[in-house]
Amino acid sequence: MSRTDVLGVGFDNVTKAEAVERALELIDAREGRYVVTPNPEIVMLAKENPALKEALAGADIVLPDGAGIVKGAAILGRPMKEKVPGIDFACGVMARLAERGGSVYLFGAKPGVAETAAETLRTKFPGLVISGTSDGYFSDDGPIIEKIKDAAPDFLLVCLGAPKQELWMAKMSGKLLVGLMVGLGGSLDVFAGTVKRAPEAWQKLDLEWLYRLLKEPRRIGRMMKLPLFVIEAAGERLRGK
Ligand code: UDP
């Protein structure tokens, strides 16, 4: 299926339910491929970073993580079905894996965070096996790769932030004994409770970005790219691209 282009990044126009089904097929195929969940910030980063752009294009599933991408696509005259936040997609997959005693490996965030996240996930998804954890601050990923290979999980959450996680997954694609990898940014911090996600009402109003900005004002520098994203999308539409 052809992808929906939003400023140079192709997105899969799928609902969350469709993305979860596709992920389960990929997990069963066990080819160790990967899923990316770009937001507008990552799309803007990819414009200046060809390696990131290539890593995004090489993913088996590219999800519109957040309202910004869906709005950008609409401005471009390419309506998409819905936003699919990476964390919601991952929870959907983990719920299904839990039903069959499937396993997940948590990789990323500061030391100790993945272990706390593991406790939350065990409670939230009884039956889910957490087959290992590694923090995201390393100088040599060799020992981590060995540990992941030994654990051979169904699902590997790679939470190193962008573009590190996308480049790492592209490098490892097809080389690990895992079902499927997904790049999930700060999600382990959310599971561990060190970072709070916006309340559901804010999520429904597509204001998750504003909540995050209010909670973490230091993100303002990164978020300044958001208006530019909208302006570029409008410009491309006007130029009739
Ligand atoms: N991180 C990491 N290794 C690094 C840099 C970052 O494990 O070298 C982690 C960081 O601790 C955080 C996540 O990656 O848990 C990125 O979080 P951020 O909120 O920046 O990501 P976003 O969700 O915005 O992509």
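In each ligand, atom 1 is the first atom listed, and ligand 1 is the first ligand listed. The structure displayed is predicted, hence computed values, not measured ones.
Judged purely by atom type and a 3.5 angstrom limit, D65 uses its side chain to pair as donor or acceptor with the backbone of G86.
Pocket lining of ligand 1, defined as residues with a non-hydrogen atom under 4.0 Å away: G108, A109, K110, G136, Y137, C159, L160, G161, K164, G185, G186, D189, R212, R219, R222.
No cation-pi contact links K164 to F107, judged by a cut-off of 6.0 Å to the six-membered ring centre and 45° from its axis.
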Acceptor/donor pairs from residues 144-157 side chains to any protein atom, 3.5 angstrom cut, sequence neighbours excluded:
unit_1: K147; atom_1: NZ; unit_2: T133; atom_2: O; d: 2.5
unit_1: D154; atom_1: OD1; unit_2: R30; atom_2: NH1; d: 3.0
unit_1: D154; atom_1: OD2; unit_2: S103; atom_2: N; d: 2.8

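Contact of the M169 side chain with the V36 side chain is registered, since non-hydrogen atoms from C-beta on lie closer than 4.5 Å. Taking 4.5 Å as the limit, every side-chain heavy atom of D135 sits out of range of all side-chain heavy atoms of V113.
In the displayed structure, E54 atom CD is contacted under 6.0 Å by at most 12 heavy atoms of other residues, nucleotides or ligands.
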